[in-house]
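Whatever order the structure lists ligands and atoms in, that order sets their numbers, starting from 1. All residue numbers refer to positions in the sequence shown, counting from 1.
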Amino acid sequence: MTKIVVKFGGSNLRSNEEIHRIVQVVKNYDQPLIVVVSAFYGVTNFLVDALEKARHDEGVAEKSMQYLYNLKIDSLNYFIQDTELLSNTVKLIRDLLDELKNYLVGIALTGDASKALEDHVLSYGERLSAIFLNGILNAQNLESKVAFPETIGLITDGEFGNASADFHLSTNKVRESLNEEVIFVVPGFYGISQDQKTTLFGRGGSDYAAAALARCVGASSLDIWKDVNGFLSSDPKLVSNPVLIEKLSYNEAAELAYFGAKILHPRTVEPLTDPHIAVRIFNIYGTLDVTKPLTIISREKSVLTGVVKSVTYSDNFGLLKLKGPGVGLKPGILAKVTTALHLAGINISSVLTSQISINILLAKKDLQNAFAVVSAIELSAVGKLQIEDDIAIVAAVGHGITDNFGIAARIFTALATDSINVVMSCSGASPIVSYYLVKLSDRTAAVKAIHREFFEK
Ligand code: ASP
Ligand code: MG
């Protein structure tokens with residue numbers, strides 16, 4: 001039977017009410033599944049913090065272990081009545097926590113952690129959730145078992161903190177390992193390098209892990225359960241009447257996620273595009289009918305009458321500006337700068353240049369480091385290096401954006417009507433996105449203005 005890969009996020013595992021709903025969802029599928037789980041809400045951040053503190057505080061290991069143990073023990077007692085199953089599950093959790101404690105103690109003793117160890121420690125959130133959920137499913141007489149990525153052979157390219165799955169090496173073993181007609185519960189967020197090291201798929205990477213598994217087993221769909229109403233025409237916290245987007249193409253979903261939509265990890269669709277596996281988004285607080293997804297992401301490309309499908313934003317980008325009277329015509333500047341940034345492990349999101357200014361769009365968190373890296377290069381044509389971090393990106397996404405006249409005019413007019421200045425803009429980098437840099441303080445108004453123009457008229 002073709003499997004469905006079902007992913008539950010950490011925010012789906014917060015309360016007993018939500019866990020009840022997850023159990024109901026799993027029952028509603030009424031078929032073998034591969035269930036992928038994230039860490040409990042906040043646990044990855046907790047581990048990031050513990051990792052940092054452990055370097056100079058030995059007590060952190062014990063305290064962290066206690067905290068994580070207490071976090072969900074009441075839920076286990078509540079959901080698992082069978083005393084043997086309960087004690088087995090608690091034992092598995094304790095074993096995991098003992099391992100974690102040993103790693104943290106090791107870090108405290110040496111005052112340091114390798115990248116490999118960091119990735120390994122951060123994967124414990126997902127490992128704990130998997131054991132936890134598996135115990136609860138078993139208590140409901142559902143036939144399930146935990147399958148760890150290292151056991152089933154989910155092999156990665158080995159890049160710590162930002163790995164990609166290697167499908168060439170993974171597909172056969174993963175498929176064989178998950179071939180039984182039961183429910184497998186797999187911890188998300190990581191795969192394993194060829195030399196058996198835990199490698200994370202990047203923050204929020206459980207979606208990607210689930211997608212990678214879906215590809216390996218040739219799943220009929222990847223179902224992602226969230227605590228929000230699918231993809232909307234904009235963030236419901238900013239606009240009052242967002243419209244549900246029932247269908248998105250892979251590229252639209254990827255661009256929306258890249259430009260800030262928090263619903264999906266931007267890399268989720270990568271493994272699924274080629275084999276044409278659809279992503280179906282559900283809300284755990286909505287109908288638990290597994291045949292009624294809110295949003296379906298597939299290869300189908302549709303152009304709406306209004307062209308724009310969604311308006312998204314991100315506050316996480318900033319600009320590094322290289323100014324000088326002739327930077328546009330002088331060869332080699334970008335080569336030097338991009339090489340240096342690459343060597344420093346800094347990703348470039350976009351570059352917009354003119355004769356007197358080169359503007360490099362980067363993650364805000366990388367700006368200071370990038371400034372230092374670029375300052376250290378010999379660049380005679382650059383008179384001034386400047387950081388601009390008081391900005392936000394607002395992006396309109398939809399097939400047809402760059403093929404139809406008048407879209408940018410409508411966006412600029414909507415912004416101008418509300419007296420919002422566009423600091424910089426870019427269309428055509430991808431055929432489905434048009435994005436605008438505005439002052440951070442104008443971000444909300446800009447999203448509202450563009451949304452009003454396309455969805456509220
Ligand atoms: N727990 C990981 C994180 O917080 C992965 C995920 O949630 O998808 O980044
Ligand atoms: Mg997540």
key: Asp112 with Arg55: basic N within carboxylate O range, under 4.0 Å   = yes

message = Between Asp227 and Arg14, does any side-chain N to carboxylate O distance fall below 4.0 Å?
response = yes

Answer with yes or no whether [X] contacts ligand 1, where contact means a heavy atom under 4.0 Å from a ligand atom.
X      : result
Gly125 : no
His265 : no
Gly204 : yes

Where ligand 1 meets [X] - atom numbers and elements under 4.0 angstrom, heavy-atom basis:
X      : result
Ser38  : 6 (C), 7 (O), 8 (O)
Arg203 : 3 (C), 4 (O), 9 (O)
Glu126 : 1 (N), 2 (C), 5 (C), 6 (C)

Side chain to side chain contact (heavy atoms under 4.5 Å, CB included) partners for Ala429, two or more places apart = Cys426

Distance, nearest 0.5 Å, that separates OG1 of Thr2 from CD of Gln31 = 8.0 Å

Residues 288-296 side chain polar contacts: donor-acceptor under 3.5 Å, at least two apart:
unit_1	atom_1	unit_2	atom_2	d
Asp289	OD1	Thr291	N	2.8
Asp289	OD1	Thr291	OG1	2.6
Asp289	OD2	Lys292	NZ	3.0
Thr295	OG1	Phe231	N	3.0
Thr295	OG1	Ile245	O	2.9

task = Examine Thr44 against ligand 1 and note whether any of their N/O atoms are separated by less than 3.5 Å.
result = yes

inquiry  = Applying side chain to side chain donor-acceptor pair (under 3.5 Å) to Arg21 and Ser15, what does each step give before you reach the verdict?
reply    = CA-CA 10 Å; Arg21 288 182 155 262; Ser15 64; over 6 Å; no

remark   = With heavy atoms and a 4.0 Å threshold, my read on which part of Ser206 contacts ligand 1 is both

